[in-house]
Structure formats: structure tokens, C-alpha cells
Amino acid sequence: MVPWQRTLLFAAVAVVVAVLLWLALRGIVALISKRPANLGVEEGRLAPCPAMPNCVSTQGVDERHRIDPIPYATSTGEARDRIVRLLRSMPRTRIITDTPTYVYAEVRTAFLGHVDDVEFTFDEQARVIHFRSGSRLPYWDQGVNRRRMEDIRAAFESAE
């Protein structure tokens, strides 16, 4: 075997090993990141964010987690339909629960497949959409959940 063939063989083996390691890591992430048991709306409130910096909520009590709700001027049904359309247009997003006043979706990251839980509840009295977006893993999400929710807010408002 000539040197360039050895180099090519080594590169091919390295690529195969890297892909297998990546697949194994994605599998491990899927196994250890189970859906939280506290999702949903209880007495008009979404679950509070944990102490970790990987979650934002319109009902958050501290600045690190707090984000403003989305106001709406249409009917609650139209606002919910708009949120559902936005979620369906997002890559790697799967709507799990869709009721007249609550929508829950899972959003997977592209590289490792981390799951973020995204919830919306519609306050008909105040005419606002409360939401919560939190990562199951890792501890710090580099602001991904806050940016996602700001993007959803902007898309929602521009669709009016």
C-alpha cells in the first residue's frame, strides 16, 4: 500500500468512527433527557423555570428567566392557530399537545438532538399568550430559548 492509500484509508476510518461516536452521543442524549413531568397549565400558570439558566418564561419571577408575554388583538382561536402555524414552520419541531388554550411542542437541536420543551397558554382575559421554553439538557443553552421565543414573538406580530 502506497502512502497516499494509507492516508486515504486512515481518513475514511476516522470519518466512520466520528459518525459512530456522534450517533452514540445522540442516543445517550435521547435516553437521559426524558419529558418533564411538570409540563402543562395548573391554575392558569405554567411550571416555573428551574434554577438553571436554560429556560425562559413569561411567568418567571427573576430577570434571568423572565420574558414578556405576546399580546394579541384577535380571537384566542386565531392567536392559537397562528402559534401552531409558526411552530409547524420551524425545523425539528413536533407539536405534542394542541388544545384550544394550550399548545406544547418539542424542538430538537440540529447537532446533538437536545430537546427543548416549548409551551403556550392563552390568557383570554388579559389577551396575552404566556409561554415557557426550557432545555432538558444542557445546563446552559447559550440563550437559545430566549432567542427562539423572541423570534416567535416577532413572527407572530408580523403576521397580524
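Atoms considered below: every heavy atom in the structure, side chains included; atoms not considered: hydrogens, waters and symmetry mates.
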Step-by-step side-chain contact (heavy atoms from CB on, under 4.5 Å) determination, Arg146 to Ile67: CA-CA 8 Å; Arg146 184 171 297 277; Ile67 189 168; 3.8 Å; yes

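- Applying the side-chain contact (heavy atoms from CB on, under 4.5 Å) rule to Thr101 yields the partners Thr99; only residues at least two apart in sequence or on another chain are considered.
- In plain terms, the two heavy atoms of Glu157 and Pro71 that are nearest each other are OE2-CD, 4.3 Å.
- From Ile95, atom CD1 reaches atom CG of Leu87 across 5.0 Å, with rounding to the nearest 0.5 Å.
- Every residue meeting the side-chain contact (heavy atoms from CB on, under 4.5 Å) condition with Ala79, not counting sequence neighbours, appears here in chain and number order: Tyr72, Thr74, Phe122, Ile129, Phe156.
- The only member of Glu119, Met149, Gln59 that meets side chain to side chain contact (heavy atoms under 4.5 Å, CB included) when paired with Phe131 is Met149.
- Taken from OG1 in Thr121 to CD1 in Ile83, the straight-line distance is 11.5 Å, to the nearest 0.5 Å.
- Atom CG of Asp123 and atom OG1 of Thr76 lie 8.5 Å apart (nearest 0.5 Å).
- Annotation: salt bridge (Lys or Arg N to Asp or Glu O under 4.0 Å) contacts of Asp151 (sequence neighbours excluded): none.
- Residues in residues 63-103 take part in no disulfide bond (SG atoms under 2.5 Å apart) pair, two or more places apart or across chains.
- With contacts defined as side-chain heavy-atom distances shorter than 4.5 Å, the pair Val115/Val107 does not qualify.
- Residue Glu124 comes nearest to Arg127 through the heavy atom pair O-CG, 3.4 Å, listed as atom of the first residue, atom of the second, then distance.
- Grouping Ile, Leu, Val, Met, Phe, Trp and Tyr by side-chain contacts under 4.5 Å, direct or through others, puts Ile96 with Leu39, Val41, Leu46, Tyr102, Tyr104.
- Arg132 approaches Pro48 most closely through the heavy-atom pair NH2-O, 3.4 Å.
- Listed here is the closest heavy atom pair of Pro36 and Arg136: CD-NE, 3.7 Å.
- In this structure, the side chains of Ser133 and Cys55 stay at 4.5 Å or more apart for every pair of heavy atoms.
- Sorted by first and then second residue, the disulfide bond (SG atoms under 2.5 Å apart) pairs with a member in residues 71-108 form an empty list; sequence neighbours excluded.
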Under 3.5 Å donor-acceptor pairs involving side-chain atoms of residues 5-12, not counting sequence neighbours:
unit_1, atom_1, unit_2, atom_2, d
Gln5, OE1, Val2, N, 3.1
Arg6, NH1, Met1, O, 3.0
Thr7, OG1, Pro3, O, 3.0

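- Judged as a salt bridge (Lys or Arg N to Asp or Glu O under 4.0 Å), and not counting sequence neighbours, the contacts of Glu150 are Arg153.
- Here Arg88 contributes atom CZ and Asp98 contributes atom CG; the two are 6.5 Å apart, rounded to the nearest 0.5 Å.
- Interatomic distance, CG of Asp62 versus SG of Cys49, reported as 8.0 Å (0.5 Å rounding).
- If you check the side chains of Asn145 and Ser135, you find a donor sitting under 3.5 Å from an acceptor.
- For Arg94, the salt bridge (Lys or Arg N to Asp or Glu O under 4.0 Å) criterion is met by Glu106, not counting sequence neighbours.
- The side-chain contact (heavy atoms from CB on, under 4.5 Å) check on Val144 picks up Asp116, Asp141, Arg147, Arg148, with sequence neighbours excluded.
- The shortest heavy-atom contact between His65 and Met52 is NE2-O, 2.8 Å.
- Other members of the cluster containing Val128 do not exist, because no ILVMFWY side chain is joined to it at under 4.5 Å.
- For Ala154, there are no side-chain contact (heavy atoms from CB on, under 4.5 Å) partners, not counting sequence neighbours.
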